[in-house]
Amino acid sequence: MPNAFRIYNTLTRRKEVFKPLRPPRVTMYVCGITAYDEAHLGHARAAVVFDVLYRFLRHLGYEVPYVRNYTDIDDKIINRAQREGRSWREIAEQYIREYQEETAALGVLSPTHEPRATEHIPEMIALVERLLARGVAYVSDGEVYFAVDKFPGYGKLSGRRLEEMLAGARVEVSEKKRNPLDFALWKAAKPGEPYWESPWGPGRPGWHLECSAMSLKYCGETLDLHGGGLDLIFPHHENEIAQSEAATGKPFVRYFMHNGLITVNGEKMAKSLGNYVSLKTLLSRYHPEVIRLFLLTKHYRSPLDYTEKAMAEAEKALYGLYGSLYFLGKVEYAKEGGLRKAAKRLSEALSRFRERFLTALLDDLNTAEAVGTLFNLVSEVNRFLPSARQATVEEAALAREVLATVKELSGEILGIAGSDPGSFVEEERRRKAALRGIDPQEIEERLAAREEARRAKDFTRADALREELLAQGVEVRDTPWGPFWMVL
RNA sequence: GGCGGCGUAGCCAAGUGGUAAGGCGACGGCCUGCAAAGCCGUGAAUCCGGGGUUCGAAUCCCCGCGCCGCCUCCA
C-alpha cells in the first residue's frame with residue numbers, strides 16, 4: 001500500500017512518512033546560491049532534485065509555496081567586486097541572472113518566491129533584536145553573535161556535541177567571540193565595504209541569518225520541508241535551526257532533505273578544487289534533458305561521479321528513448337480490430353508503468369527506479385513497433401495513450417521525455433549538427449542520394465554515402481517509416 | 001580523532017527480510033541488400049570479508065577492510 005510518501009529526514013536519519021503540518025499546504029524552502037561565480041553541475045543537481053520534489057508534491061495534490069533564496073551580499077561577492085572594480089550589486093545581479101537562465105534552460109520550474117538577502121534587511125534586523133531580547137545573542141564591538149551554548153539543541157541536526165567540536169576546532173579565533181563556535185548574526189562593515197544602518201552600527205547580515213528571516217516571512221515559523229546540499233548540514237543548517245528556534249520557540253523544520261554531492265574522479269566537485277564543470281559548458285554540449293537524465297539516474301542522496309563517458313551514455317539512452325517515442329507517434333490506424341499479442345503486452349506494461357513509476361517516487365523520491373520503469377515501458381514499445389505499421393483502431397489508440405502517459409508522468413514530474421518526440425528529434429539534429437559544424441541540408445541531400453542509390457540497387461554507392469555520413473558523426477538507421485538519423 | 005555515508009555483473013545503478021530492475025558495453029541468433037536500431041538468448045552460485053539473528057538476508061546486528069563527505073566558505 002505504498003500510497004504514503006516516505007522521505008529520508010536528516011533530523012532523524014531515517015525514512016519517515018511525510019505528514020505536512022497543514023495539508024494540503026506544504027511549505028518548502030531550499031537554499032539557493034551565493035551569487036559570486038558561475039553555477040556548476042553541483043548547483044544543477046540541487047536545483048533539479050528539488051525541482052522534481054516540487055513537481056511531485058504538486059502531482060500528489062499539495063499546494064506548495066516554494067522558496068529558493070539568493071545570497072546577494074557576502075564576503076566572496078565583495079572580494080570579487082573589489083578585484084574586478086565593479087559594484088557588489090552588479091556581480092550579484094549577473095550571477096543571479098545567469099543562474100535563472102541556466103536553471104530555466106534545464107527545465108527547472110521557477111519557485112514561488114526567490115527572495116534576496118538585501119531585500120530583507122529590516123526583517124533580519126528584527127530577528128536579531130528578538131534574539132538579543134531572548135538573551136541568546138550578544139553585541140560585541142559593532143557585531144552581533146549568536147551564543148551557541150545558550151541554545152540547548154545545538155548540534156542536533158549534524159549529530160555533534162559542542163565539547164567535541166571545540167576539541168577538534170579549526171574555527172577562526174576571534175577575540176570578539178565568547179565561544180569560538182559562536183557565529184555572526186550581524187557583521188560590522190570595514191572601510192570601503194557596503195553597509196546598512198542598524199542599531200549596532202553600519203554593517204551587513206551574517207550568511208545564516210537570511211534563511212531564517214526569509215523562511216519565517218514566506219513560510220511561517222515551522223517549515224514542512226527544508227532542502228539543500230549535504231555540505232550545508234553543518235554549520236549552515238545547524239545555525240539556521242538555532243536562530244529560528246531560539247527566536248520562535250517552535251520547531252523550525254519538520255523534514256530536512258539533503259542531496260549528495262557531485263564528484264569528479266571520486267573527488268568532490270568544488271570551485272576551490274578547480275575541478276568543476278560549469279552549467280554553461282554542459283548546456284552548450286548536451287541537451288538539457290540529457291543533464292537531467294544523468295542527474296536523476298542516481299538516487300539524490302548518493303554521491304554522483306561526473307565523467308564524460310557517463311554523460312555520453314545518458315545522451316545515448318535519451319536518444320534511444322525519444323527515437324522509440326518518435327516512431328510510436330507515427331503509428332496510425334490502418335484497419336479494424338482490437339489489440340493483438342504485442343499490443344496486449346504493451347497495454348499491460350503501461351499499467352505496470354503507471355503504478356511502479358509513482359511507487360518509486362513515493363519511496364524517498366527514488367528517481368533512479370522511476371527512470372528504470374520508464375525504460376521497461378520503452379522496451380515494450382520497441383517490441384510493439386514492428387507490428388504497428390498496420391495498426392488496428394485500438395492499437396493506434398493505445399499508442400496515443402502510451403505517449404500521453406509518458407508525458408504526463410515522466411514529462412511532468414521528472415522533466416524527462418515530456419517533449420514532443422518530433423520536435424526533440426529535429427531540435428537535437430539541428431543543435432548537434434551546428435555543434436559539429438555540419439549543414440543539415442547537406443545531410444538531407446546525402447540521405448536522399450543514398451535512398452536513390454538503394455532503389456537502383458547500387459549498394460556500393462549507398463554504403464559509401466552512409467560511411468561518409470558516419471564519418472561526420474551522423475548515424476543512419478533504416479526503419480519501416482524510412483531512414484532515421486541522429487548526430488552523435 | 002568525532003559525526004555521517006558508501007562498497008551489488010566489464011562500467012554505471014535500483015533493490016533494505018522471501019530468493020538479484022534498468023542503462024552502457026560484450027558475445028550468439030533473428031531482422032536487413034549489407035549495416036545500424038530493435039527483438040530473442042547468454043552473463044552476478046550471489047551482492048567487500050568474517051561472524052551472528054531468522055524457516056529464510058544483498059537487505060537486520062556485531063567485528064574487520066576499503067573509499068568518500070562533513071567537522072572552515074561551499075549545492
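Labels below follow one simple rule: chain letters A, B, ... track the order of the sequence lines, proteins then strands, and each chain is numbered from 1.
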Verify the contact: side-chain N or O of [X] to OP1 or OP2 of [N], cut-off strictly under 4.0 Å; return yes or no.
X: A:Asn382; N: B:C39; result: yes
X: A:Lys268; N: B:C70; result: yes
X: A:Ser379; N: B:C39; result: yes

A:Leu230 atom CG is separated from B:U72 atom P, nearest whole Å, by 16 Å
From NE2 of A:His237 across to P of B:C71 the rounded distance in Å is 13 Å
From the list A:Glu428, A:Glu475, A:His287, side-chain hydrogen bond (donor to acceptor under 3.5 Å, both in side chains) partner of A:Tyr319 resolves to A:Glu428
*Ignoring hydrogens and angles, tell me if any N or O in the side chain of A:Asp51 forms a donor-acceptor pair with the backbone of A:Ala47 under 3.5 Å.*
no
Query raised in the report: Within the structure shown, what part of the strands sits under 4.0 Å from A:Gly320 by heavy-atom distance: base, sugar-phosphate, or nothing?
Result: nothing
#### Entry: Donor-acceptor pair under 3.5 Å, A:Asp463 side chain vs B:A35 base
no
Among B:A14, B:G25, B:C34, the one nearest any side-chain atom of A:Lys316 is B:G25
Ranking B:G23, B:C73, B:A75 by distance to the side chain of A:His43, first place goes to B:A75
Ranking A:Glu380 and A:Met269 by the position along RNA chain B of their nearest nucleotide, the one closer to 5' is A:Glu380
Whichever of A:Thr460 and A:Asn366 has the more 5' nearest nucleotide on RNA chain B, that residue is A:Asn366
Under a 3.5 Å limit on both distances, the Watson-Crick or wobble mate of B:G10 is B:C24
Between A:Arg450 and A:Glu445, does at least one N-O distance fall below 4.0 Å, as a salt bridge requires?
no
- request: Could you work out the separation of B:A26 and B:G43 based on their C1' atoms and round it to a whole Å?
  value: 9 Å
Exercise: do A:Glu355 and A:Thr359 side chains pair donor with acceptor under 3.5 Å: no
